[in-house]
Amino acid sequence: QQQQQQQRRPDPTRAMPAASSGGDSRRAQASVPMRSPQGPTQQSRALHNNNNNVSRAPPKDGYETSIRKQLNAIYEHRPYFTYFVSFVQIAVMIISVAVYSLAPISFGTSTSSKSVTAPDGSSTTVAYIQQGNFWIGVSPNSLVLLAAKFTPCMRKDDRVQSTILDPQLATQKQMGCCMELSPTGGNCFSTTPDKCTSQFKQFLPGLPCGGPQCCSDFSPSANTSASWPSCTRVDPSDPAQKKSCTCTMLARPCCLGLVGKCELQTESYCKFKEGIWHEDKTLCSEVDCLGSTCGLIPFAKQKTPDQWYRVYLALFLHAGFIHLFFVLLFQYSVTIDIEKLAGCVRMSCIFFLSGIGGYVVSATLTPYQVSSGATPACYGVLACLLVELFQSWQLLHSPCFELFKLLLLLAFAFALGLLPYIDNWGNIGGFVFGVLSALVFLPYITFGRWDAARKRILLVVGIIGVIILMILWNVLLYTNSFNNCEWCNSFDCVNVVADFCKDNSQDELYRVV
């Protein structure tokens with residue numbers, strides 16, 4: 001009779017999904033109602049055979065019966081979260097290429113030249129070195145505008161301030177107005193005395209073209225105006241000052257690069273170099289170049305970056321179609337099986353904690369590198385496989401072989417992290433946060449009272465670990481603790497060709513300076 005009851009009882013493993021494509025772990029989930037089981041997989045059949053071997057022996061102390069009850073509670077969930085994330089990632093990729101177009105497809109840089117208008121009105125030929133993108137995607141500048149991880153857009157950066165912004169302000173204090181010798185005013189531009197060309201021999205020191213001297217409340221003794229640049233314009237009585245207010249200014253502030261570099265250039269020059277030209281401004285001190293190049297939501301306080309949400313949005317943005325292909329391949333071969341086991345709510349918690357935690361680590365250790373994509377979250381999912389493997393070690397026929405396959409997959413993923421726009425620090429951070437998140441959110445099978453107590457302790461450790469690490473790395477990020485870490489970049493990229501890492505935004509500040 002017991003054998004007949006065993007035959008009539010439904011196979012408890014038919015609803016269990018595979019935790020990975022290789023079949024390396026098993027879990028039980030009893031708290032979520034059943035949702036359309038999809039049938040047995042290779043892993044569930046292996047577990048079923050193992051379970052049958054256990055059931056042939058009569059129960060001794062209830063150990064096998066307890067495992068059987070947990071297996072009976074296994075249900076398969078619909079992978080709604082994986083579908084949603086993949087749809088958004090594909091949509092963002094298509095929209096980004098449609099709006100900003102593809103960058104040159106190369107492993108290095110491409111140089112182009114063009115004749116543009118100089119600040120003095122003459123024609124000059126300039127060269128522009130454009131970065132390539134071998135992932136087949138948009139340029140680094142466009143990635144930052146689309147919310148890639150770039151730390152200078154997330155918090156005020158001491159190194160950017162001292163290397164880029166402070167020297168610009170010091171140069172501006174030495175500027176004057178270089179004017180064309182013309183009775184009608186002619187062209188003019190603000191510059192330092194050494195750059196006032198022979199054609200423009202009249203130089204007004206200490207006062208830029210269209211500067212405070214053109215305001216009604218100008219104080220000659222202090223050479224300033226309290227209301228400039230938003231002041232009431234008048235023509236000064238001094239002929240030189242009057243000419244500096246009526247001449248034609250061709251050079252306006254132009255924001256170049258990604259770290260707030262500003263030059264007074266013409267519109268044709270600025271557009272050719274993919275800069276942002278401010279035609280309504282006079283000097284670089286009037287514009288916020290970081291705010292212009294970072295895009296997205298304007299800073300709450302001018303010249304004070306606060307786009308902390310990039311660590312979240314970067315998970316949906318990828319460097320190119322090839323990058324997106326690898327991520328989708330992983331999500332539909334591994335992530336989807338973990339979600340079938342754990343459910344969409346638990347999977348979303350693991351995904352976002354791993355991804356956000358990984359990008360916080362990346363933003364701290366490699367602040368001047370442009371990176372994007374869901375790879376830190378994918379590392380978190382790989383960590384789930386590792387936790388699942390050790391939590392269900394007793395149920396596997398060859399756990400050592402499954403561990404070996406998982407380590408090979410981790411090594412391959414680490415090798416991809418040595419390429420530009422994929423951050424190994426972010427991947428390692430995502431893996432650590434993934435281990436802790438898996439201890440908290442993944443369901444598990446217990447093998448006796450001691451094992452149940454051990455796994456409950458690990459759950460508490462996971463909760464405390466996630467909170468402590470998230471606080472710690474955010475403190476390190478916002479205190480500029482690793483701005484000068486030179487060896488951090490070497491761990492993140494390998495020069496497969498000359499200047500490969502530098503030419504692919506691995507250190508944007510170094511490239512500009």
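Remember, it's a predicted structure, so these values are computed and weren't measured experimentally.
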field: Sub-4.5 Å side-chain heavy-atom contact between F189 and L250
entry: no
- request: Decide side-chain contact (heavy atoms from CB on, under 4.5 Å) for W425 and T364; before the verdict, give the C-alpha distance in whole Å, the side-chain angles of both, and the deciding distance to 0.1 Å.
  value: CA-CA 9 Å; W425 287 115; T364 304; over 6 Å; no
- prompt: For the side chain of E286 and the backbone of T282, is there at least one donor-acceptor N/O pair under 3.5 Å apart?
  reply: yes
- prompt: Given side chains that start at C-beta, do those of P253 and K281 come closer than 4.5 Å, heavy atoms only?
  reply: yes
- request: Answer with yes or no after comparing the ring centroid distance for F81 and F352 against a 6.0 Å cut-off, counting only values under it.
  value: yes
field: Any donor-acceptor N/O pair, R346 side chain to F441 backbone, under 3.5 Å
entry: yes
- prompt: Under the 3.5 angstrom rule, does the side chain of Q89 hit a backbone N or O of L317 as a donor-acceptor pair?
  reply: no
S354 side chain vs F351 backbone, donor-acceptor pair below 3.5 Å: no
Contact summary for A374 and H318, nearest pair of heavy atoms: N-NE2, 3.3 Å
task: Just do the side-chain contact (heavy atoms from CB on, under 4.5 Å) check on F134 and S106 with the steps written out, would you?
output: CA-CA 5 Å; F134 62 90; S106 67; over 6 Å; no
field: Sidechain-backbone polar pair: Q369 side chain, F150 backbone, donor-acceptor under 3.5 Å
entry: no
query: Side-chain contact, heavy-atom cut-off 4.5 Å: M347 with T335?
result: yes
Residue pair M470 / I468, side-chain heavy-atom distance below 4.5 Å: no
Chi angles and distances behind the side-chain hydrogen bond (donor to acceptor under 3.5 Å, both in side chains) call for T82, E339: CA-CA 8 Å; T82 303; E339 185 179 357; 2.6 Å; yes
task: Count the heavy atoms of every other residue, nucleotide or ligand shown that sit under 6.0 Å from NZ of K303, and state whether that count exceeds 12.
output: yes
- request: Go through the steps for N133 and Y421 under the test side-chain hydrogen bond (donor to acceptor under 3.5 Å, both in side chains), then give the verdict.
  value: CA-CA 9 Å; N133 187 346; Y421 308 111; 5.2 Å; no
field: Cystine candidate C294-C153, SG separation under 2.5 Å
entry: yes
field: Exam field: side chain Q213 to backbone C245, donor-acceptor pair closer than 3.5 Å
entry: no
- request: Kindly say whether A300 contributes a backbone atom to a donor-acceptor pair with the side chain of D306 at under 3.5 angstrom?
  value: yes
- prompt: What orientation do Y312 and F316 show, parallel under 30°, tilted 30 to 60°, or perpendicular over 60°?
  reply: perpendicular
- request: Identify the two heavy atoms, one from A413 and one from N427, that lie closest to each other, and give their separation to 0.1 Å.
  value: O-ND2, 4.5 Å
- request: Please name the pair of heavy atoms, one in S371 and one in Y359, separated by the smallest distance, quoted to 0.1 Å.
  value: OG-CE2, 3.9 Å
- prompt: If we ignore angles and hydrogens, is there a donor and acceptor under 3.5 Å between the side chains of N141 and Y100?
  reply: no
task: Decide if atom CZ of F325 counts as having more than 12 heavy atoms of other residues, nucleotides or ligands within a radius under 6.0 Å.
output: no
task: Please examine the side chains of Q265 and P119, heavy atoms only from C-beta on, and report whether any two atoms are closer than 4.5 Å.
output: yes
message: For a quick test of reading the model, state the closest non-hydrogen atom pair linking V144 to T293 and the distance between them.
response: CG1-O, 3.7 Å
field: Nearest heavy-atom neighbours spanning M93 and G137
entry: CE-CA, 4.5 Å
- prompt: Under 3.5 Å, is there a donor-acceptor pair linking the side chains of E180 and Q202?
  reply: no
query: Is there side-chain contact between K261 and C289, with heavy atoms separated by less than 4.5 Å?
result: no
message: Is any side-chain heavy atom of S112 closer than 4.5 Å to one of F272?
response: yes
- prompt: Would you call the rings of W135 and F326 parallel, tilted or perpendicular, where under 30° means parallel and over 60° means perpendicular?
  reply: perpendicular
task: Report, as yes or no, whether the 6.0 Å neighbourhood of atom CD on E279 holds more than 12 heavy atoms from other residues, nucleotides or ligands.
output: no
- prompt: Any side-chain heavy atom of C254 within less than 4.5 Å of one from I276?
  reply: no
message: Assess the residue pair V361 and V432 against the criterion (side-chain contact (heavy atoms from CB on, under 4.5 Å)); give the C-alpha distance rounded to whole Å, side-chain angles, the decisive distance to 0.1 Å, and a yes or no.
response: CA-CA 10 Å; V361 174; V432 174; over 6 Å; no
message: Can you tell me which residue among L410, I338, D337 is in a side-chain contact (heavy atoms from CB on, under 4.5 Å) with L385?
response: I338
message: Looking at P367, is its backbone amide N or carbonyl O close enough to the side chain of T151 to form a donor-acceptor pair, meaning the two atoms are under 3.5 Å apart?
response: yes
message: Would C178 and C188 count as a disulfide pair, i.e. SG atoms separated by less than 2.5 Å?
response: no
- prompt: Is it true that the SG atoms of C247 and C177 are less than 2.5 Å apart?
  reply: no
query: Stepwise, does the side-chain hydrogen bond (donor to acceptor under 3.5 Å, both in side chains) test hold for Q174 with T192?
result: CA-CA 6 Å; Q174 304 173 7; T192 53; over 6 Å; no
- prompt: Side-chain donor-acceptor pair under 3.5 Å between E274 and Q130, yes or no?
  reply: yes
Expected output: side-chain Y379 to main-chain F414 donor-acceptor under 3.5 Å: yes
- request: Write out all pairs satisfying side chain to side chain donor-acceptor pair (under 3.5 Å) with one or both partners inside residues 469-480, taking only residues at least two apart or from two chains.
  value: R155-N480, T479-S481, N480-N483
task: Measure from the side-chain N and O atoms of R310 to the backbone N and O of A148, and report whether any donor-acceptor pair falls under 3.5 Å.
output: yes
task: Check G462 against V440 and note the closest heavy-atom contact, atom names and distance.
output: C-CG2, 3.5 Å
- request: For the pair C270 and R252, evaluate side-chain contact (heavy atoms from CB on, under 4.5 Å) and give the outcome as yes or no after the intermediate values.
  value: CA-CA 9 Å; C270 191; R252 301 280 183 171; over 6 Å; no
field: Test applied, side-chain contact (heavy atoms from CB on, under 4.5 Å); reference residue, T266; option that passes from T117, D120, T124
entry: T117
